[in-house]
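Before any comments, here is the structure.
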Amino acid sequence: MRVAVFGSQPYDTKFFDAANAQGGSPHELVYFETRLRAKTASLAAGFPVVCVFVNDEVDATTLKTLAANGTKLIALRCAGFNNVDLKTAEELGISVVRVPAYSPYATAEHTVGLILTLNRKLHKAYNRVREDNFTLNGLLGFDLHGSTVGVIGTGKIGMIFAQIMHGFGCHLLGYDAYPNDDFIKLGDARYVDLPELFSQSDIISLHCPLLPETHHIINQNAIAQMKRGVMLINTSRGPLVDTVSVIEGIKSGIIGYLGIDVYEQEEAFFFEDWSDEIIQDDTFQLLQSFQNVVITGHQAFFTQNALTAIAETTMANISEFEEGKPLTNEVKLPH
């Protein structure tokens with residue numbers, strides 16, 4: 001099938017071409033660096049399949065243009081699908097598939113990396129030693145062993161993160177609308193309500209999906225319940241966090257450390273090189289100015305293992321559609 005791959009980067013080409021070559025009948029992949037949005041949807045004319053990523057805008061306007069030009073399948077090369085108007089897609093007869101799991105270890109391990117970086121000031125130590133400054137003032141951390149870690153969302157990624165932190169000797173508090181028995185079996189782990197998790201945790205890490213009920217789950221009210229000096233980590237979805245409230249929490253000293261790999265307005269500039277430009281997002285620029293904040297650019301998923309799995313699953317999804325088989329990873333509106 002002819003597949004228009006939007007928002008493509010060199011690493012996408014490498015891994016998708018490799019996965020595509022494994023099949024007996026390779027698909028025709030055409031790569032577009034531009035992201036998919038209403039203004040660029042016409043580029044997909046004549047492509048029955050459009051492949052998109054987390055920050056492509058697959059809204060009603062975009063979908064109508066795609067449908068008019070012959071697109072029948074949206075293949076998400078990611079797990080999240082909040083950027084797709086599923087209702088409109090269904091009305092237009094466009095199927096939507098995704099990659100529900102690739103390497104949960106990648107994101108969980110990156111989360112731990114942010115914790116260690118913030119706690120032991122590894123980024124500051126690295127720069128200091130490069131300037132032949134070997135003083136230790138300002139690099140003081142704390143033992144993770146014995147700390148209480150709150151895990152919001154105990155699905156695949158949250159569970160692996162919990163396992164790692166259990167290995168550090170941390171006490172674990174979990175919150176999930178659908179509790180996971182494996183979390184309790186870790187030992188020194190229990191489910192609590194959000195107020196208790198907020199008030200008792202030294203570190204809080206977000207691993208829940210973005211849903212209407214989880215939008216801004218970290219807000220002014222939540223932050224007011226947290227321990228002073230708490231470490232907050234988000235490697236899940238940007239809009240889980242009310243950034244303005246988090247900034248106030250940092251300024252007040254309630255949030256002592258912030259590590260994020262996602263940002264609620266990231267679609268404006270993530271995955272692009274802005275080093276020669278001025279980013280016009282004042283909120284993001286203010287976040288960058290705090291010495292106790294570490295930001296990475298949505299790279300938690302970015303491992304060889306994950307990219308291989310993403311490409312192979314996406315190709316398999318497209319092949320199922322081409323062959324008229326049931327779509328294993330189809331995303332549908334609940335009825």
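Atom set for the values below is all heavy atoms of this structure, side chains included, hydrogens, waters and symmetry mates excluded.
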Exercise. May I ask you to decide if R98's main-chain N or O and N317's side chain share a donor-acceptor pair within less than 3.5 Å?
Key: yes

Quiz item: Do T65 side-chain atoms and S42 backbone N/O form a donor-acceptor pair below 3.5 Å?
Solution: no

Quiz item: Hey, mind stepping through Y191 and T154 against side chain to side chain donor-acceptor pair (under 3.5 Å) and telling me if it holds?
Solution: CA-CA 10 Å; Y191 281 104; T154 54; 2.7 Å; yes

Quiz item: Within a radius of less than 6.0 Å around NZ of K251, do more than 12 heavy atoms belonging to other residues, nucleotides or ligands occur?
Solution: no

Quiz item: Quick one: CG on D181 to CG on L186, what's the gap to the nearest 0.5 Å?
Solution: 11.5 Å

Exercise. Take E267 and R37, measure what salt bridge (charged side-chain N to carboxylate O under 4.0 Å, His left out) needs, and give me the verdict at the end.
Key: CA-CA 11 Å; E267 64 276 0; R37 51 176 63 90; over 6 Å; no

Quiz item: Are any side-chain N or O atoms of N305 and backbone N or O atoms of T308, one a donor and one an acceptor, separated by less than 3.5 Å?
Solution: no

Quiz prompt | Test of ring centre spacing under 6.0 Å for F269 and F284 | solution = yes

Quiz item: Does CZ belonging to R120 count more than 12 external heavy atoms closer than 6.0 Å?
Solution: no

Self-check item: Sub-4.5 Å side-chain heavy-atom contact between L144 and F142
Solution: yes

Quiz item: Is the number of heavy atoms from other residues, nucleotides or ligands within 6.0 Å of CD (Q285) greater than 12?
Solution: yes

Self-check item: N/O donor-acceptor pair under 3.5 Å between K121 side chain and L140 backbone
Solution: yes

Quiz item: What distance do L29 atom CG and M1 atom CE have between them, rounded to the nearest 0.5 Å?
Solution: 12.0 Å

Quiz item: Counting only heavy atoms not in Q220, do more than 12 fall under 6.0 Å of its CD?
Solution: no

Practice problem: Mark yes when over 12 heavy atoms from residues, nucleotides or ligands other than K227 sit less than 6.0 Å from its NZ; otherwise mark no. | Solution: yes

Quiz item: Going by atom types alone, do E264 and T243 pair a side-chain donor with an acceptor below 3.5 Å?
Solution: yes

Exercise. May I ask you to check whether D261 and T296 show a side-chain donor-acceptor distance below 3.5 Å?
Key: yes

Quiz item: For F198, does its backbone N or O pair with a side-chain atom of S201 as donor and acceptor, under 3.5 Å?
Solution: no

Self-check item: Rounded distance (nearest 0.5 Å) linking atom CZ of F168 with atom CG of D143
Solution: 11.0 Å

Self-check item: Residue F134 excluded, over 12 heavy atoms near CZ under 6.0 Å
Solution: yes

Quiz item: Taking all atoms of both residues into account, what is the closest heavy-atom pair of A60 and D85, and its distance?
Solution: CB-OD2, 3.6 Å

Self-check item: Side-chain donor or acceptor of E248 paired with backbone N/O of V244 under 3.5 Å
Solution: no

Practice problem: Just do the side chain to side chain contact (heavy atoms under 4.5 Å, CB included) check on V192 and Y175 with the steps written out, would you? | Solution: CA-CA 6 Å; V192 296; Y175 175 82; 5.6 Å; no

Quiz item: Just by modelled atom types, is the Y263 backbone N or O under 3.5 Å from a matching donor or acceptor in the Q265 side chain?
Solution: no

Quiz item: Just checking, is any N or O donor in the side chain of T61 or D59 under 3.5 Å from an acceptor N or O on the other one?
Solution: no

Practice problem: Answer yes or no: are there more than 12 heavy-atom neighbours, outside F32 itself, under 6.0 Å from its atom CZ? | Solution: yes

Quiz item: Under the 3.5 angstrom rule, does the side chain of T313 hit a backbone N or O of V99 as a donor-acceptor pair?
Solution: no

Quiz prompt | Check: S319 side chain, A316 main-chain N or O, donor-acceptor pair, under 3.5 Å | solution = no

Quiz prompt | Neighbour count above 12 (heavy atom, 6.0 Å) for D282 CG | solution = no

Quiz item: So do the side chains of M226 and I218 get within less than 4.5 Å of each other, counting heavy atoms only?
Solution: yes

Exercise. Identify the residue among F271, F6, F270 that makes a ring pair (Phe, Tyr, Trp, His ring centres under 6.0 Å) with F53.
Key: F271

Exercise. Given side chain to side chain contact (heavy atoms under 4.5 Å, CB included), test R35 with T40 step by step and report yes or no.
Key: CA-CA 7 Å; R35 294 178 185 172; T40 61; 5.9 Å; no

Quiz item: Do E90 and K87 sit within salt-bridge range, that is, some charged N less than 4.0 Å from a carboxylate O?
Solution: no

Exercise. Supply the atom-to-atom distance N69 CG to K64 NZ, rounded to the nearest 0.5 angstrom.
Key: 14.5 Å

Quiz prompt | Donor on one side chain, acceptor on other, E320 and T328, under 3.5 Å | solution = yes

Quiz item: Any side-chain donor-acceptor pair under 3.5 Å between N137 and T135?
Solution: no

Self-check item: Non-hydrogen atoms of N83 and N55 that approach each other most closely
Solution: ND2-N, 4.4 Å

Quiz item: So among I260, I152, V151, which one has a side-chain contact (heavy atoms from CB on, under 4.5 Å) with L206?
Solution: I152

Quiz item: If you round to the nearest 0.5 Å, how far is OG1 of T107 from CD1 of I160?
Solution: 9.0 Å

Quiz item: Do T235 and T111 meet the criterion of a side-chain donor-acceptor pair at a distance under 3.5 Å?
Solution: yes

Quiz prompt | side chain to side chain contact (heavy atoms under 4.5 Å, CB included) between N292 and L258, intermediate numbers included | solution = CA-CA 6 Å; N292 56 345; L258 176 68; over 6 Å; no

Exercise. Enter the distance from H216:NE2 to L210:CG here, rounded to the nearest 0.5 Å.
Key: 9.0 Å

